[in-house]
Amino acid sequence: MEHRGICANCQTYIWLLDLCLNSGSLVECKKLHGKILKLGFGNESVLCNKLVDVYFALGDLDGVVKVFEDMPNRSVRSWDKIISGFMEKKMSNRVLDLFSCMIEENVSPTEISFASVLRACSGHRIGIRYAEQIHARIICHGLLCSPIISNPLIGLYAKNGLIISARKVFDNLCTKDSVSWVAMISGFSQNGYEEEAIHLFCEMHTAGIFPTPYVFSSVLSGCTKIKLFDVGEQLHALVFKYGSSLETYVCNALVTLYSRMPNFVSAEKVFSKMQSKDEVSFNSLISGLAQQGFSDAALELFTKMKRDYLKPDCVTVASLLSACASNGALCKGEQLHSYVIKAGISSDMIVEGALLDLYVNCSDIKTAHEMFLTAQTENVVLWNVMLVAFGKLDNLSESFRIFRQMQIKGLIPNQFTYPSILRTCTSVGALDLGEQIHTQVIKTGFQFNVYVCSVLIDMYAKHGKLDTAHVILRTLTEDDVVSWTALISGYAQHNLFAEALKHFKEMLKRGIQSDNIGFSSAISACAGIQALNQGRQIHAQSYVSGYSEDLSIGNALVSLYARCGRIKEAYLEFEKIDAKDSISWNGLISGFAQSGYCEDALKVFAQMNRAKLEASFFTFGSAVSAAANIANIKQGKQIHAMIIKRGFDSDIEVSNALITFYAKCGSIEDARREFCEMPEKNDVSWNAMITGYSQHGYGNEAVNLFEKMKQVGEMPNHVTFVGVLSACSHVGLVTKGLGYFESMSKEHGLVPKPAHYACVVDLISRAGFLSRARKFIEEMPIEPDATIWRTLLSACTVHKNVEVGEFAAQHLLELEPEDSATYVLLSNMYAVSGKWDCRDQTRQMMRNRGVKKEPGRSWIEVKNSVHAFYVGDRLHPLADKIYEFLAELNKKAAEIGYFQDRYSLLNDVEQEQKDPTVYIHSEKLAITFGLLSLSDTVPIHVMKNLRVCKDCHSWIKFVSKISNRAIIVRDAYRFHHFEGGICSCKDYW
DNA sequence: GTTTCGTGTG
């Protein structure tokens, strides 16, 4: 044509360009483009549009832009073409720019350009304000009815979490196509509105709209997320019915559903029947297995995936890494780390987070820290994981540094950050810092997150701010078993067991299901107050709830029954535990020790040692307490030796138990040594020593130690004052004692308890001020209890004050008519006052009421066996020898001034009639036996269940002188150290 | 328009 000089027209070039399109020749196209411009066809919009088509098709985007820029009059069609063309190439930036130009040039966008620009927005993470402006334009153009525009708009709003806006667009649609439904349903499902997603699916189903595989995948994923597994299974049936059961995406969602149940039989069935598996299919099953702890199976699948020529990606590796992290499988985790580097995915944000978590969880904090410092990505998760790392080390200063540094770097702490740092504050006792962070929590609006809430409750509850913890729980709108349990165990930790149980009940009443930790906390609270019946009920509840195999509940039950003295049941629960841990053993030992079954406690402790199980400091503490309670010096010392060998002698709690042990066994010197050698003491240590001194009659030492305690800045508590006040009482420091009593509330902010009032009554009345004691009782702000009246009555017996004594006895008999001690005290008081009629009346009253006196008993240990004696006992195999030697001792004692006072409680007639040996008190027999059987060098240790009487006390003093031996008697009230003819109580007890 | 992954609590 050209040779002949015939001019080609527009149509010719269109045909020629079509040929280029078919042959794919960019060179030819460019030649033609040149000729078109030369011939002046550049103004023809048909040709220009065709050129744009060809350049797009051949991938020459510069060509496209050049043609478009040179076009003299660009029609809407041209704009649509170029915008949608760039959208197809996923070049969102270009689309957004072109759209702006289009608006600037006052060209009205069509459905096509709007749809493209909305897609561009969603791919580009553009500000949502821009999207809203586009939305406004769409409304102005009256195009909102069109699904072509509205569907991407729904998706865009949903992606940005603006679910209400999305729903509005969806509701305004005149005709909803299947894409509209999917956009809305997946929008709900992906934004935490899973229930709404399921409802909308039901609506769609009822409306008779055919469910596509897309919608199935979306709604199945929603079911999985909120654990509506039965709904998920019903959907599986629909999937079959509508022929989507082989679709990859649907199967992937089903695999996830089943592996979260977990039902791996079904998950693997779906997986194996799939026609084509992709990476997500493998990832779904791998993550399911990994999350349920089947890390080996997950790793196997990882290998299989590679065999099937599918490349494990970030998701695969992240799932496997978290499995390794929770199993502590550092080695396998490190192998995955190598794969990460080889596969070039080490800059993935999630993989990096999972790797860091691996090293932290496997306690390789050093590697973790190095990783953190050289991290390729910058995101809040890495910082959060580091907070966990330093929290594990109880390193609050480093945690806080991380917490501040991340904010300096512009990262905003989230709902994961606060629990980590607050937990560390709790564990190291930094309540002040915790409170500051709490204010930041409120400022940033995280105070309603259940995790944040539960940690705050735990922090305040653990540190005694139970009111604050309680208030936080009340502000929580969500039902959260963890927050409730935190408060419940907080109450229990501060010995407010009834309060703990009250809240447990309330929690259940509100319909919040307890879990294993909730049950075990509640059972422990029952153990704290020996609430056996309530404990049994909770035991039953936990059993019904399916926790019969749970270790923490089993341990709590062992402790409950042991503490309630239910030996058999405690053993039964103990035997039921499959994998007994040290807490199980401790529960038995400390429970038995606390319920008074100390022999059993020591037996279990021995059993535990035979089983070669490592005893903890807690076990040792309990064993020492058990030995202390029954004053088993020998076993206690053996335990002490083990403590030293195992290096637990530096533990404060163990040392405290040892102080009490030695004090209770009468070795106050050993107690003192233990106390002095402690590298670090706490309030309990001081209390144990003060109480020890007090019990041994070392009143001045007790008072001095109390002064020193205050000097070093240790805070005295209620226990301290019981020790100090009784010490004053023992040595007759009336004024000083009263001063201390006053200082309790005035200087130390302590509200005196009944025990303290009893001490003061003892203090005053023992010194002989009985009317003053009575006045004190009448004026004190609390209702006097039996102990207080008994104290007064006992002093009246000593001081022969019948008037006040009768007054005390009257109250005491009202409160405890069954207690034999009252009758005995009263009748003794009458006897020493010579009121024999009254004494006989009291004895008669006791008989009439069927009250029996507890018989006096004494014990002494000789050569590994304990010998017990009753009053006038002749049952001992060596009885004859004992009575013979006793007579000898009496004779020697009389020679140096001992005056037998043994008849003081008998009238003249009785004294003549009765065989005097019938009335020989058990302690005399025990001491005589001890002197006969033990070598001269060891002190005589005797225990008695009642208080030692005046005659015996005087007798023992003489005997200690005659025999040149230390005699230590522990009676129901205190210790008496007899040596060289004097007693540590200075005859004041 | 759909599916899979990392950090926090008693």
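Per chain, numbering begins at 1; letters A, B, ... match sequence-line order.
- For A:D515 and B:dG10, a side-chain-to-base donor-acceptor distance below 3.5 Å is present, hydrogens and geometry of angles not being considered.
- Between the side chain of A:S178 and the base of B:dG1 there is at least one donor-acceptor pair of N/O atoms closer than 3.5 Å.
- Where stacking is scored as ring centres under 5.5 Å apart with planes under 30°, A:Y214 does not register as stacked on the base of B:dT2.
- For A:S454 and B:dT9, a side-chain-to-base donor-acceptor distance below 3.5 Å is present, hydrogens and geometry of angles not being considered.
- Side-chain to base pairing of A:N449 with B:dG8: one donor and one acceptor N or O lie within less than 3.5 Å of each other.
- Using a 4.0 Å heavy-atom cutoff across all strands shown, A:V215 reaches no nucleic acid atom at all.
- Note on ring orientation: taking the six-membered ring where Trp is involved, the planes of A:F372 and A:W383 are perpendicular (angle over 60°, cut-offs 30° and 60°).
- For the pair A:F210 CZ and B:dG1 C1', the computed distance is 15 Å after rounding to whole Å.
- One atom, CE of A:M406, and another, P of B:dG8, lie 14 Å apart when rounded to the nearest Å.
- Under the 30°/60° scheme for interplanar angles, the aromatic rings of A:Y418 and A:F403 are found to stand perpendicular.
- Nearest nucleotide to the A:A486 side chain, out of B:dG10, B:dG6, B:dT4: B:dG10.
- A:Q291 has no side-chain polar atom (N or O) that falls below the 4.0 Å cut-off from OP1 or OP2 of B:dT4.
- If you check distances only, the side chain of A:S420 never reaches the base of B:dG8 with a donor-acceptor pair under 3.5 Å.
- A:C324-A:C362 SG separation is not under 2.5 Å; the pair is not scored as a disulfide.
- Using modelled atom types and a 3.5 Å distance limit, the side chains of A:N327 and A:S295 yield a donor-acceptor pair.
- A:E247 has its CD atom 17 Å from the P atom of B:dT4, to the nearest Å.
- Under the stacking criterion of a centre-to-centre distance below 5.5 angstrom and an interplanar angle below 30°, A:Y451 is not stacked against the six-membered ring of B:dT9.
- One donor-acceptor pair, N or O on each side, does fall under 3.5 Å between the base of B:dG6 and the side chain of A:N379.
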